[in-house]
Peer 1: 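First the structure, which I've put down as structure tokens, then a few questions once you've had a look.
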2 protein chains.
Amino acid sequence: MSIEYTGITREGLSKQIADAIRTAIIDGRLMVDERLPSETELAERFGVSRPTVREALKRLAAQNLIRTQRGPTGGAFVNRLTWSEAHDALVTTATLLIGMNDIPFEEAIEARFALEAACLPFAVERRTEAQLETLRREIEQQQRGSMTDEGFCASDLRFHRVLVDAADNPVLSFQMAGVIEAMQPLMNMLTYRMRDRTRIARLHASLADALQARVTQSALAALKELGDYTLDLARARREG
Amino acid sequence: MSIEYTGITREGLSKQIADAIRTAIIDGRLMVDERLPSETELAERFGVSRPTVREALKRLAAQNLIRTQRGPTGGAFVNRLTWSEAHDALVTTATLLIGMNDIPFEEAIEARFALEAACLPFAVERRTEAQLETLRREIEQQQRGSMTDEGFCASDLRFHRVLVDAADNPVLSFQMAGVIEAMQPLMNMLTYRMRDRTRIARLHASLADALQARVTQSALAALKELGDYTLDLARARREG
DNA sequence: AAACATTATTTTGTCTGACATTTATTGGAT
DNA sequence: ATCCAATAAATGTCAGACAAAATAATGTTT
């Protein structure tokens, strides 16, 4: 690891060190599962104390870039970023972003249904029987009137997640997770009347039918109607 | 013996503290710009030492969740997550994810063009004259033969970023940044011959024309051709 | 000789205490 | 009243020490 640190001391030593190591990882100078020098060695090499090095390492650990292990064979290792970890990070970021910047409902809903529509053709083509069954199960739950609003939204979320996963493209699933899951708090703010729920469940059923028959046009039409209806609900909430 | 902490003490004190504070922020118990207790006070409240608290705070700072300021009125403040910061975080995560998990070209390209197509109808409807001009400028650059491969890819990236921004939906722009920018290293691996470049530039011109005339179908057709062609290049590279 | 228990060692995790640095406030001098 | 310096409060950094964990080496027992 050949890292120079001729930078300015104006931005915090631990941050500089963290950035140096992160850049080394992104550029590929540090490979996955490679072991970094021990904390004391890093401290010597950068000319700082061990706590400073540790703060830098914690920053990287917070981004899932490294993992640490104790013991003689321990140390800090470059972490292979898994889909699951990246997923969590994206959802956290997107949730905070939406929660802190009061996005208009319309924008968020527009983005979500537009992107979901992009997944739909692949889902129609590649959906499995198991995924169809999961969709049917969720629809059945949504038709029961005994659910709370949160429960209904949670089922809705699971439904759409299966829809996206049916496209069988990890990159798509990863990207979509951000929009869909981060919007759950927003969706929870919509209070669904009984009539709304039955209509939504019926549209979900249309979607599942289209997927089963592998007819892209019908699926897109059902999703569009669902998006428009959600928009209506959001607008009604704003005015009401 | 002191009181047990709720949860497993097996996961590192600083991580537990960081998680506790992060949850408080996400749940809204800590508002934006609110000041956290001082490090010494946090240390007392959690029953740990100051360095441990500091490591926890650094983890949160690494996620742009808090910012710190020195001085009497200083301390740690809940940070308003900006689009720019969230954008950078997403690009970093997506870049690492793609770089470390050797995604098949086909999957990445499929996802990218599918999502971009989802933005296109909005872009056709909402594009401004200034954006059209930017597109034309990039096309002109791409037609010049004097560019390096990296320069060509960079121009391509700028072209598509403008395309996405033309949809005028921050949520869409945010999501798309991940796919498009994180794929640049992949795209840089494609070596474009002169013939490829002219064809790509021509397709870009078709796209710009369709945006100018506000004809969605033509724009979608041009983008689809571009996607298919990129797929061909990727396949050729794999076999060559 | 082989299996098991024990000790040693290396590395991270945490604590204590101190000093340096930054910055708003406050009090005094002009 | 204005400007400037001392003050205080907070983070940033450092040093040394000990605790805890996990592997490797060692010794003991069967």
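All figures in this text were calculated on a predicted structure; none of them were measured in a lab. Chain A is the first sequence line, chain B the second, and so forth, proteins listed ahead of strands; every chain is numbered from 1.
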Peer 1: Tell me the interatomic distance from B:F46, atom CZ, to C:dT14, atom C1', rounded to whole angstroms.
Peer 2: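 Whole-Å distance recorded here is 16 Å.
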
Peer 1: Could you go through nucleotides 18-20 of chain C and list every protein N or O atom that sits under 3.5 Å from one of its N or O atoms, giving the distance for each pair?
Peer 2:
from: C:dA18; atom 1: N6; to: B:R50; atom 2: NH1; distance (Å): 3.4

Peer 1: Tell me, do A:E106 and A:R238 make a side-chain contact under 4.5 Å, heavy atoms counted?
Peer 2: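 A:E106 vs A:R238: side chains touch.
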
Peer 1: So, is B:T52 near the phosphate of C:dG13, with a side-chain N or O under 4.0 Å from OP1 or OP2?
Peer 2: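 Answer no for this pair, as no side-chain N or O of B:T52 is under 4.0 Å from OP1 or OP2.
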
Peer 1: Checking side chain to side chain contact (heavy atoms under 4.5 Å, CB included) between B:H160 and each of B:E138, B:M176, B:H204, which is the one that passes?
Peer 2: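 Filter result, single survivor: B:H204.
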
Peer 1: With heavy atoms under 4.0 Å as the rule, sort B:K15 into base, sugar-phosphate or nothing.
Peer 2: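 B:K15: no heavy atom of the nucleic acid under 4.0 Å.
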
Peer 1: In whole angstrom, what separates A:L13's CG from D:dT13's P?
Peer 2: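 Rounded to the whole Å, the gap is 5 Å.
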
Peer 1: Below 4.5 Å, heavy atoms only, C-beta onward: do B:E116 and B:L163 meet side chain to side chain?
Peer 2: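 The answer is yes; the side chains approach within 4.5 Å.
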
Peer 1: Can you list the residues that meet the ring pair (Phe, Tyr, Trp, His ring centres under 6.0 Å) rule with A:F105, with sequence neighbours excluded?
Peer 2: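 Ring pair (Phe, Tyr, Trp, His ring centres under 6.0 Å) list for A:F105, sorted by chain: empty.
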
Peer 1: When you compare the side chain of B:R136 with that of B:Q141, does any pair of heavy atoms fall below 4.5 Å?
Peer 2: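 No - every pair of side-chain heavy atoms lies 4.5 Å or more apart.
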
Peer 1: Kindly say whether B:E41 contributes a backbone atom to a donor-acceptor pair with the side chain of B:E44 at under 3.5 angstrom?
Peer 2: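 Side chain of B:E44 to backbone of B:E41, a donor-acceptor pair under 3.5 Å: no, none is there.
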
Peer 1: From the options D:dT13, C:dT14, D:dC14, select the nucleotide whose nearest atom is closest to the side chain of A:S14.
Peer 2: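 That would be D:dT13.
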
Peer 1: Tell me the interatomic distance from A:E55, atom CD, to C:dC15, atom C1', rounded to whole angstroms.
Peer 2: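 Computing the A:E55:CD to C:dC15:C1' distance gives 15 Å.
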
Peer 1: Near DNA chain D, which residues from residues 32-45 of chain B have a heavy atom under 4.0 Å away?
Peer 2: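 Going residue by residue through residues 32-45 of chain B, the ones with a heavy atom under 4.0 Å of DNA chain D turn out to be B:R35, B:S38, B:E39.
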
Peer 1: Do B:F159 and B:Q142 have side chains that approach each other closer than 4.5 Å (heavy atoms only, starting at C-beta)?
Peer 2: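 SC-SC contact between B:F159 and B:Q142 confirmed.
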
Peer 1: Looking at every heavy atom in both B:R59 and A:A62, which two are closest together, and how far apart are they?
Peer 2: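 The pair with the smallest heavy-atom distance is O-CB, 3.5 Å.
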
Peer 1: Tell me, please, which residues at least two apart from A:E110 pass side chain to side chain contact (heavy atoms under 4.5 Å, CB included).
Peer 2: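 Once residues adjacent in sequence are excluded, the partners of A:E110 under the side chain to side chain contact (heavy atoms under 4.5 Å, CB included) criterion are B:F122, B:R126, B:N169.
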
Peer 1: At a heavy-atom distance below 4.0 Å, what parts of residues 71-82 of chain B sit against DNA chain D?
Peer 2: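 Nucleic-acid contacts, sorted: B:G71, B:P72, B:G75.
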
Peer 1: Nearest-Å distance, CZ (A:R67) to P (D:dA22)?
Peer 2: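 That distance rounds to 14 Å.
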
Peer 1: In a table with atom names and distances, give each donor-acceptor pair under 3.5 Å that connects a side chain of residues 180-189 of chain B to protein atoms at least two apart or in another chain.
Peer 2:
from: B:E181; atom 1: OE2; to: B:H87; atom 2: NE2; distance (Å): 3.4
from: B:E181; atom 1: OE2; to: B:R161; atom 2: NH1; distance (Å): 2.5

